[in-house]
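Have a look at the structure below, then the notes.
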Amino acid sequence: METTIKSDRVTHSPNRITKYNAQEIEMKWQSRWEADKLYRTDLEQTDNKYYFVTMYPYPSGDLHIGHWYAMAPSDVKARYLRMRGKNVFFPMGFDAFGLPAENAAIKRGIHPNTWTLQNIANMERQMRTMGASFDWEREVITCDPRYYKWNQWFFIQMFKRGLAYKKKQAVDWCPKDQTVLAREQVVGPDRLCERCDTPVIKKDLEQWFLKITAYAEELLDFSGIDWPEKVKTLQTNWIGRSEGVQFTMQVADRDETFDVFTTRQDTVFGMSFAVLAPEHHLVDLITTPERRAEVEDYVFKTRRETEIDRMSTEKVRDGVFTGAYAINPMNGERVPIWIADYVLTTYGTGAIMGVPAHDERDFDFAKRYGLDIHVVIAPANWNGEPLSAAYTEPGTMVNSGEFNGLDSETAKARIADYMEEKGIGKSTVNYRLRDWLISRQRYWGTPIPIVYCEEHGIVPVPEEELPVVLPLEGVEFQPTGLSPLTYHEEFPYAKCPIDGNPARRETDTMDAFVDSSWYWYGYLDPYNAERVINPELVKRWTPVDQYTGGVEHAVLHLLYARFWTKVMRDIGLVQYDEPFLKLFNQGTILTNGMRMSKSRGNVVSPDSYVESLGADTVRVYLMFIGPWDQGGDWDDSGIGGAHRWLQRVWTLVLDAPNGKEKIPAATDEQVKILRRVMHQTIQRVGSDIEAFKFNTAVAALMEFTNALSRAKESAWYPNAVWGEAIRSLLLMLAPSAPHIAEEMWERLGGTYSIHQQSWPQYDPNAAAEEKFTLVVQVNGKVRGKIELPVDVSEEVAKAAALNEENAKRYLEGRTPAQVIYVPKKLVNVVVR
RNA sequence: GCCGAGGUGGCGGAAUUGGCAGACGCGCAAGCCUUAGGAGCUUGUGCCCAUCACAGGGCGUGCGGGUUCGAGUCCCGCUCUCGGCACCA
């Protein structure tokens, strides 16, 4: 030990050191790192590769505090992993197609391309002020033809495989944005447009879909990926798998049949009516002349209702009788066929069996129209009285022919088998998931590479002619309900790739979620003209090791991305099933409980904080305010605390001795304690960052700073010991506050760059405590505390506890009934 | 209605397998320093009682029960907040 070395070290003298000037330091290091290409990843070097992606932003114009909240902690983790020896690839790009650009064009007369590129330039500048370690050389901007060319290529591959198809159906239309939307982009019970909160309406339109439903079953399988339960649940519910049977019903006295789907085949003997969706094709055919007027009125009414504001829709279950009857295939009974809008065309077969006794909706409907209610599953202790509500629980089968007496769960399986045997129906799985509608009647997106020929119909553009370039000139942006490209002078006029005759080009563009479905493959080989992906790099670097982003994309981007990768697998581009091995969802920063958005005008800019306090302070504060996955309302009242801490670190590290006041040399014990705290901190900070617990990682660093300050005031430490502690502090600070850490590192004579150093080595022996505080409880209440060596025996600990002054007062005259000993924790003395 | 997450000081939030509740920070208070400070430093700070005493005591993690030597943590029943879904047969 070197504790005998004389000290001339003294308490601090803040006047002697340079003031912490965040702006100056940050600008200096940002340009240095950039000049030195510090964060350019060597993709050829794949030992210890780690592909870390954080969701790329939409270039709305300004990087707000919410972007920082998403990106800065990701950057911290990327930096940390590099120090742990990983070859981290941490790219960034822009989700550059989409509506806001076009809306800006309409509102302010600026071209969407200009608007987008200006915004990107500004946001890149802002991201640099954050000090993020993105590899900008692999940037991808999705509105670049060299990128969206491959969207078109993918589309054609899917078209060839039947995974992209065009179909006319009732789709969701946003009247404000004048375009259709995917089912996933219609939110909440009021069915609002995801972008502009306008209630959507239904329109019958011919649109392009991607057949995501072909992967429904596979998308339910999350094995092999480490994703938050929440996202898995959201996706699972969204896909909405249900098992049941589909069986055929004969229309009485007619040569027509229709299929129904049910998950409750055990209740089939209780059917007392059948219901078709008003849009069902049979409605017109089977309606009897005397019912026709009423039926047509109802059909007209429902069609109108879907087009008016859905908010006013009350869930009244009404419908009308068609006059026709159907035969229950299980017992030959005739049941009336009704139509009602509570039956949806878009799910199952668009027709149901009505079993009022065992389905709430059917019960309401039957009550309203005086239809029969047959109980076929007896509740416990039921003795034949009418039900006051539908009984939907399992029970004993009654009035069900040969299935009587079985419990309904068993009967479910038996009846399914029976139906299969008799050819009545078959076991079926239904999903709520719909195919992904990707057509958009807007300009700023990837043109769909299709040509319509009078002779040959729908013809894909040959791959060698890609990209179909989105024209930048000669476009009127006013939305008309048709794509602005429709009115372009040249764009719509094409030649049929087969016969060369004049043909019409598809003028709709693709949903921007197509762009984001594969962009991380693009980073590995941006804008390659020859091939969609670089197979070598994709093989070596993907799947992505860690993905971070907001949970709002759970059933949008994150579902589409999984689908896309599975398609890529089936095309032979990748050899695995899932794009992102690990996912972490950070929370959202709100203002007054509301999401930040430019349109709401409630965005908080980090720029003024960066200017006055520095990027390092903002980064640290964002990490510190709470658990990363929690988010919360923006409140800057504590940001001064983060700044003060960095200031204290600055002083602690750089304060030079001035030789005036002597303080004692540290004892062996003090040195040991200092090193112990250091190693405990190394352990804590590392495991916290690993677990994305940035708030407690910062807290641990603050505690370490406090411990060092106290140590420095009370004793002089030998250079080796003190230097090691300070260096560890800086190394651990480096991912969180990269600029100030680099500056102090340089001033201490450290090798450039601190960001290329290794994370300090954790030594469990050095971290181990020698003593612990034994808590002495009497009847479970804390009555005293004793310091004891960690290896104390149970007997000694118990004896010490029983002898503790304050505890003794509670034990006076009484014999302990029981003495509980928890090693290294406590002794609880139980008295009666 | 269904599914999911969550209720801890004045505030943001800490708390392996049940074992010192309130780490860290904000705010607040007192003191120091300063020509001044919305700067900096030191100390204190869950609530209540008590006290010369950093003697002590009572209460305390949304509410009500339970299990246990011991519960923020486990179990049962409520309640409130937030997020998602919403006639899915």
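The sequence lines fix the lettering, A, B, ..., with proteins before strands; numbering per chain opens at 1.
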Original post:
Hey, which of these two, A:V775 or A:N806, hits RNA chain B nearer its 5' end, going by closest nucleotide?
Top reply: A:V775

**OP:** Specify the residue among A:D362 and A:V782 whose closest nucleotide of RNA chain B lies further upstream toward the 5′ end.
**Re:** A:V782

In whole angstrom, give the distance that lies between atom [atom1] of [X] and atom [atom2] of [N].
| X | N | atom1 | atom2 | result |
| --- | --- | --- | --- | --- |
| A:D629 | B:G13 | CG | P | 11 Å |
| A:Q680 | B:A23 | CD | C1' | 14 Å |
| A:Q777 | B:G19 | CD | C1' | 7 Å |
| A:N706 | B:U43 | CG | C1' | 14 Å |
| A:I639 | B:G25 | CD1 | C1' | 13 Å |
| A:E184 | B:A86 | CD | C1' | 15 Å |
| A:E713 | B:U42 | CD | C1' | 9 Å |
| A:F772 | B:U16 | CZ | P | 19 Å |

**OP:** Name the orientation of the base relative to the sugar in B:G40: syn if the glycosidic angle is within 90° of 0, else anti.
**Re:**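 Anti conformation here, the glycosidic angle of B:G40 being more than 90° from 0.
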
Given the [atom1] atoms of [N] and [M], what is the spacing between them in whole Å?
| N | M | atom1 | value |
| --- | --- | --- | --- |
| B:G58 | B:A5 | C1' | 35 Å |
| B:G46 | B:U8 | C1' | 10 Å |
| B:G1 | B:C11 | C1' | 36 Å |
| B:C69 | B:C63 | P | 25 Å |
| B:C76 | B:C87 | C1' | 33 Å |
| B:C3 | B:G25 | P | 43 Å |
| B:U45 | B:A23 | P | 10 Å |
| B:A55 | B:G37 | C1' | 41 Å |

Would you indicate what [X] reaches in the nucleic acid, counting non-hydrogen atoms under 4.0 angstrom: base, sugar-phosphate, or nothing?
| X | result |
| --- | --- |
| A:L826 | base |
| A:K230 | sugar-phosphate |
| A:R684 | nothing |
| A:N430 | nothing |
| A:N237 | sugar-phosphate |
| A:R241 | nothing |
| A:V343 | base |
| A:S242 | sugar-phosphate |
| A:D635 | nothing |
| A:L234 | sugar-phosphate |

Original post:
Between A:Y821 and A:N828, does any side-chain donor sit less than 3.5 Å from a side-chain acceptor?
Top reply: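 Their side chains do not contain a donor-acceptor pair, so the 3.5 Å distance test is not met.
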
Original post:
Between the side chains of A:R648 and A:N706, does any donor sit under 3.5 Å from an acceptor?
Top reply: yes

Counting heavy atoms from C-beta on, name the nucleotide in [options] closest to the side chain of [X].
| X | options | result |
| --- | --- | --- |
| A:Q630 | B:G19, B:C3, B:G13 | B:G13 |
| A:M702 | B:C20, B:C24, B:C87 | B:C24 |
| A:I820 | B:C59, B:G19, B:G12 | B:G19 |
| A:T262 | B:C85, B:A89, B:G25 | B:A89 |
| A:A699 | B:A86, B:C24, B:A15 | B:C24 |

Strictly below 4.0 Å: does [X] bring a side-chain N or O up to OP1 or OP2 of [N]?
| X | N | result |
| --- | --- | --- |
| A:N695 | B:A14 | yes |
| A:R183 | B:A86 | yes |
| A:K825 | B:U16 | no |
| A:R648 | B:U42 | no |
| A:R644 | B:G27 | yes |

Once you apply the 3.5 Å cut-off to both distances, tell me the Watson-Crick or G-U wobble partner of [N], or none.
| N | result |
| --- | --- |
| B:C32 | B:G40 |
| B:G4 | B:C82 |
| B:C59 | B:G46 |

Original post:
Quick check, are the ring centers of A:F584 and A:W227 under 6.0 angstrom apart?
Top reply: no

**OP:** Assert yes or no for the condition that the ring centre distance of A:Y369 to A:W338 is strictly below 6.0 Å.
**Re:**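 They qualify: ring centres under 6.0 Å apart.
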
**OP:** Please report the closest heavy-atom contact between A:F513 and A:H553, naming both atoms and the distance.
**Re:**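 Scanning both residues, the minimum pair turns out to be CE2-CD2, 3.9 Å.
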
**OP:** Write down the atom of A:Y560, the atom of A:A182, and the distance for their closest heavy-atom approach.
**Re:**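 Shortest heavy-atom separation between A:Y560 and A:A182 comes out as OH-CB, 3.7 Å.
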
Original post:
What is the ring orientation for A:Y762 with A:H679, classed by angle as parallel under 30°, tilted 30 to 60°, or perpendicular over 60°?
Top reply: tilted

Original post:
Given side chains that start at C-beta, do those of A:I352 and A:Y342 come closer than 4.5 Å, heavy atoms only?
Top reply: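 Yes, close enough: below the 4.5 Å cut-off.
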
Original post:
When rounded to the nearest 0.5 angstrom, what distance separates OG in A:S408 from CD in A:Q265?
Top reply: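 Between atom OG of A:S408 and atom CD of A:Q265 there are 10.5 Å.
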
